[in-house]
Amino acid sequence: MSDGRKLWVEKPVGETENKKIQINCFGRLSIYQEGQEMGIVMNSEKARELIAFLMTYQGAAVSKVTICEALWGNVDIHRSLDSLYKLVRKMPISFQLKSNRGMLQLKLDNVDSDLLQFEKLMGERDCIENLEQAVKLYRGSLYEEENYEWISEKDAFYDNLYVDTISYLKKHFQQQEESERAYYYESLLDRYA
């Protein structure tokens with residue numbers, strides 16, 4: 001945005017409350033705070049979508065323009081930035097959102113997530129037990145029940161990673177002559193055939 005207007009004051013939001021949040025991204029999107037689903041506390045479906053979008057960046061800062069393009073599509077950028085501003089201001093304080101220099105970031109200090117756990121386990125691929133734990137976390141495609149237009153590329157990435165992992169585990173257990181475990185992973189693969 002080069003017209004010189006400041007769209008909103010850049011400041012951290014929600015740093016005064018640190019309640020634990022659980023965000024489940026695989027399968028149905030669900031957001032819990034201290035064991036209670038936050039469906040009623042979240043002020044709109046767009047707020048849920050914003051959290052879902054930011055979760056796919058796993059704590060990295062994202063351009064507000066990128067967020068607006070993903071969540072509001074072809075709406076005028078000024079109108080969508082205004083909508084984003086209003087949305088952020090109405091978010092429950094337990095979501096630690098940091099807004100700075102045209103970027104928005106979901107701080108993950110108080111967030112647990114199946115997506116974050118999956119990524120961590122996949123980063124430690126040499127350990128078969130980690131791969132098995134990652135497979136258990138994958139309860140369906142990323143935000144499977146949502147119709148987010150922006151999700152297809154990220155969803156395909158995780159689907160492919162999941163299929164590659166269960167294929168690898170099947171072969172591993174065949175080589176180890178552990179037929180029951182190999183059959184289990186073969187049955188998971190059959191669901192994707």
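Model, not experiment: these values are computed from the prediction. Along the sequence shown, the residues carry numbers beginning at 1.
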* Asked: Would you call Met122 and Phe118 a side-chain contact if the rule is heavy atoms closer than 4.5 Å?
  -> yes

* Exam field: side chain Asp155 to backbone Leu142, donor-acceptor pair closer than 3.5 Å -> yes

* Validation row: Tyr184, Leu188 side chains within 4.5 angstrom (heavy atoms) -> yes

* To do: Can you see which heavy atom on Glu37 is nearest to which on Ser30, and at what distance?
  => OE2-CB, 3.7 Å

* Asked: Side chains of Glu149 and Asn147: do they bring a donor and an acceptor to under 3.5 Å?
  -> no

* Any donor-acceptor N/O pair, Tyr143 side chain to Phe26 backbone, under 3.5 Å -> no

* To do: List the atom of Gly35, the atom of Tyr32, and the distance in Å for their closest heavy-atom pair.
  => O-CD2, 3.8 Å

* To do: Go through Asn110 and Gln96 one step at a time and tell me if the side chain to side chain contact (heavy atoms under 4.5 Å, CB included) criterion holds.
  => CA-CA 8 Å; Asn110 67 330; Gln96 296 182 20; 3.8 Å; yes

* So, do Tyr158 and Leu115 sit near enough that their side-chain heavy atoms are less than 4.5 Å apart? -> yes

* For Ser113 against Met55, the heavy-atom pair lying closest together -> OG-CE, 3.3 Å

* Asked: Under 4.5 Å between any side-chain heavy atoms of Ile77 and Cys68, yes or no?
  -> yes

* From Leu137 atom CG to Cys25 atom SG, the distance as rounded to the nearest 0.5 Å -> 11.0 Å

* Verify the cluster assignment for Trp72 and Met91: are they in a single hydrophobic cluster under the rule of side-chain heavy atoms below 4.5 Å apart? => yes

* Asked: Taking atom CG of Asp76 as the centre, does the number of heavy atoms from other residues, nucleotides or ligands within less than 6.0 Å exceed 12?
  -> yes

* Going from CD1 on Ile21 to CG on Leu108, what distance comes out if it is rounded to the nearest 0.5 angstrom? -> 10.0 Å

* **Cationic N near anionic O, under 4.0 Å, Arg48 to Glu146** => yes

* To do: Please examine the side chains of Leu131 and Ile166, heavy atoms only from C-beta on, and report whether any two atoms are closer than 4.5 Å.
  => no

* Flag for Glu69-Trp150: side-chain donor and acceptor within less than 3.5 Å -> no

* Does a sphere of radius 6.0 Å around CG in Asp164 hold more than 12 heavy atoms from other residues, nucleotides or ligands, not counting ones at 6.0 Å or beyond? -> yes

* Start with the C-alpha distance between Phe95 and Val111, add both sets of side-chain angles, then the distance that settles side chain to side chain contact (heavy atoms under 4.5 Å, CB included), and finish with yes or no. => CA-CA 9 Å; Phe95 288 103; Val111 174; 5.7 Å; no

* Can you check side chain to side chain contact (heavy atoms under 4.5 Å, CB included) on Ile67 and Leu84, steps first, answer last? -> CA-CA 8 Å; Ile67 295 168; Leu84 178 61; 4.0 Å; yes

* For the residue pair Lys98 and Leu104, establish whether any side-chain heavy-atom pair is separated by less than 4.5 Å. => no

* Between OH on residue Tyr162 and CG on residue Leu189, distance to nearest 0.5 Å -> 8.0 Å

* Indicate yes or no for a side-chain donor-acceptor contact from Asn160 to the backbone of Ala156 under 3.5 Å, with no hydrogens or angles considered. => yes

* Asked: Do the charged groups of Arg125 and Glu132 touch, with an N to O distance under 4.0 Å?
  -> no

* Spacing of CG belonging to Leu87 relative to CG belonging to Leu81, to within rounding of 0.5 Å -> 12.0 Å

* Full working for side chain to side chain contact (heavy atoms under 4.5 Å, CB included) between Ile128 and Phe173 -> CA-CA 10 Å; Ile128 292 298; Phe173 289 117; 3.7 Å; yes

* Contact check, side chains of Ile31 and Asn24, non-hydrogen atoms, under 4.5 Å -> no

* Residues which pass side-chain contact (heavy atoms from CB on, under 4.5 Å) with Gln176, listed by chain and number, not counting sequence neighbours -> His172, Glu178

* **CD-CG distance between Glu119 and Leu161, expressed to the nearest 0.5 angstrom** => 7.5 Å

* Structure fact -> Hits for side chain to side chain donor-acceptor pair (under 3.5 Å) against Gln174, two or more places apart or cross-chain, chain-then-number order -> none

* Cluster question for you: counting only ILVMFWY and a side-chain heavy-atom cut-off of under 4.5 Å, with indirect links fine, are Val62 and Ile151 together? -> yes

* Can you find a pair of side-chain heavy atoms, one from Leu106 and one from Leu50, that are under 4.5 Å apart? -> no

* Structure fact -> In this structure, OH of Tyr185 is separated from CZ of Arg181 (nearest 0.5 Å) by 6.5 Å

* Tyr57 six-ring face occupied by Lys154 cation (under 6.0 Å, within 45°) -> yes

* Mind checking what makes side-chain contact (heavy atoms from CB on, under 4.5 Å) contact with Glu144, not counting sequence neighbours? -> Ser141

* Asked: When you look at Lys64 and Ser99, which way does the side chain to side chain donor-acceptor pair (under 3.5 Å) test go after all the steps?
  -> CA-CA 9 Å; Lys64 291 173 187 171; Ser99 176; 2.6 Å; yes

